[in-house]
Amino acid sequence: MRLAPRVLCSAAQAAWRENFLLRGRDVARWFPGHMAKGLKKMKSSLKLVDCIIEVHDARIPLSGRNPLFQETLGLKPHLLVLNKMDLADLTEQQKIMQRLEGEGLKNVIFTNCLKDENVKQIIPMVTELMGSSPRYHRGENLEYCLMVIGVPNVGKSSLINSLRRQHLRKGKATRVGGEPGITRAVMSRIQVSERPLMFLLDTPGVLAPRIESVETGLKLALCGTVLDHLIGEETMADYLLFTLNRHQRFGYVQHYGLGSACDNIERVLKSVAVKLGKTQKVKVLTGTGDVNVIQPDYPAAARDFLHTFRRGLLGPVMLDLDVLRGHPPAKTVP
């Protein structure tokens, strides 16, 4: 998405915020009951499993993975699938792979499960992983059982459906949706391959009980792992604007027809609301009676801003760019 040279130059030279004002929201705590139950059920199902497939969002490859997965499920062969690669800026993919390998993650693949990109590589990869690992008491079983894990809304169910399309020529076996919490319990086995015979367990998305930092929590929220209203759409839209400007990603200027890039979320949302016709009547009490005033619908504009970002219409983004380049995280001011 290209901007006019004058707009791009002035945007690049602008002084953007160095700190993010959080306005009292604590996004580092969100661990609903069904998540705790889901993790407990995963542990109890491990004896049935030959390999773990962990799915995560490619826009945050270095942030937000649940450390409890590695602690409790790390005894099995493990493949990390970084999904939604079409939404991620992967110009520094090699650095991402090097960083992950430094963390002990040698088996990594980028996918776009909605378009089946790279999904065909998964079954051969897990077959090789399982072939080089002891199966313990499952050695007599002729079929393989995989378990898909990950934080909410990273595409676990989409991966299962994509594998079935690729290897069985069959349709959907699990529900998918654009918000977290679609899968609430460890499901029964779902066949995903005939040769070799493989079944797969879908699991609910599980966030860590305490996320390492507020900024990591906000990144997870932008990727849709937390219901928006728990944090606030306007807070999330502000963090999105903050991040896009810091990373010199100005696709929102052209998409919404703005005159230039801007670091003030109120001004941006006002322009978005006016452009989309998202306004509302508000009664104002005056000395002579009530007066109806037309005001921008800021929450509606914020929802559109977030939705547009998640659909990739603002261009591919790497939310972990600062982590990748070794820069200190932005300060979040409460």
Side-chain angles (χ1 to χ4, degrees), residues 1-4 6-8 10-27 59-60 87 89 153 178-180 214-284 291-319 321-322 330-334:
M1 188 173 291
R2 296 186 178 181
L3 301 177
R6 178 179 58 80
V7 174
L8 189 58
S10 62
Q13 293 175 354
W16 307 114
R17 286 176 286 172
E18 295 183 4
N19 300 327
F20 180 71
L21 183 63
L22 188 58
R23 296 189 176 93
R25 291 271 185 172
D26 181 7
V27 299
R59 291 168 292 184
I60 45 173
L87 303 178
D89 179 4
N153 203 30
E179 62 180 36
V214 172
E215 187 166 26
T216 296
L218 287 165
K219 289 178 184 179
L220 284 163
L222 284 184
C223 293
T225 67
V226 178
L227 292 170
D228 291 348
H229 72 269
L230 294 175
I231 299 170
E233 288 91 345
E234 291 176 66
T235 297
M236 290 172 58
D238 192 18
Y239 181 72
L240 174 58
L241 179 67
F242 171 76
T243 302
L244 293 174
N245 287 335
R246 288 179 76 219
H247 295 172
Q248 306 283 304
R249 308 297 292 185
F250 304 114
Y252 69 92
V253 177
Q254 182 170 329
H255 181 82
Y256 287 111
L258 307 180
S260 63
C262 176
D263 210 20
N264 184 305
I265 189 60
E266 188 173 343
R267 291 182 196 167
V268 170
L269 293 183
K270 183 176 181 179
S271 298
V272 171
V274 171
K275 179 178 176 60
L276 301 178
K278 294 183 181 293
T279 57
Q280 56 187 353
K281 288 183 180 180
V282 177
K283 283 188 177 182
V284 177
V291 176
N292 286 329
V293 177
I294 303 297
Q295 289 188 349
D297 188 339
Y298 290 104
R303 285 192 291 273
D304 189 88
F305 192 34
L306 293 169
H307 183 62
T308 301
F309 162 73
R310 288 168 180 162
R311 291 175 60 198
L313 299 178
L314 304 182
V317 173
M318 175 53 61
L319 295 174
L321 197 59
D322 291 346
K331 290 183 179 179
T332 49
V333 183

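Quick caveat, the model's predicted, so the values are computed rather than measured.
Side-chain contact between V268 and N264 is absent, with no heavy-atom pair separated by less than 4.5 Å. Side-chain contact check for L306 versus L222: some heavy-atom pair is nearer than 4.5 Å. A 4.5 Å side-chain heavy-atom check between E234 and P299 finds at least one atom pair inside the cut-off. When side chains are defined from C-beta on, W16 does not count as touching H247, because their heavy atoms never get closer than 4.5 Å. Looking only at side-chain heavy atoms (C-beta outward), N245 and F250 come within less than 4.5 Å of each other. Counting only heavy atoms from C-beta outward, the side chains of V226 and M236 never approach each other to under 4.5 Å.
In this structure, CG on L240 lies 12.5 Å from OG1 on T235, to the nearest 0.5 angstrom. Expressed to the nearest 0.5 Å, how far CG of L218 lies from CZ of F242 amounts to 9.5 Å. Between atom CG of residue L321 and atom OG1 of residue T243 there is a gap of 10.5 Å, rounded to the nearest 0.5 Å. Rounded to the nearest 0.5 Å, atoms NE2 (H255) and CG (L314) are 6.0 Å apart.
Nearest approach of L258 to S271, heavy atoms of both residues: CD2-CB, 3.5 Å. Contact between G257 and K275 at its shortest, heavy atoms only, is N-CE, 4.4 Å.
The aromatic rings of Y239 and F20 sit perpendicular to each other, their planes meeting at more than 60°, with 30° as the lower class boundary.
Residues passing the side chain to side chain contact (heavy atoms under 4.5 Å, CB included) test with A301 are L269, V272, A273, sequence neighbours excluded. Residues passing the salt bridge (Lys or Arg N to Asp or Glu O under 4.0 Å) test with R249, sequence neighbours excluded: D89. Remark: R267 engages no residue in a salt bridge (Lys or Arg N to Asp or Glu O under 4.0 Å) (not counting sequence neighbours). In terms of the side chain to side chain contact (heavy atoms under 4.5 Å, CB included) criterion, residue partners of T216 (sequence neighbours excluded) are, by chain and number, S63, I211, E212, S213, L220. Not counting sequence neighbours, the partners of D228 by the side chain to side chain donor-acceptor pair (under 3.5 Å) test are R310.
Using a 4.0 Å cut-off between charged side-chain N and carboxylate O, K219 and D322 make no salt bridge.
Counting only residues at least two apart or on different chains, the side chain to side chain donor-acceptor pair (under 3.5 Å) pairs with a member in residues 297-306 are Y256-D304, D304-T308.
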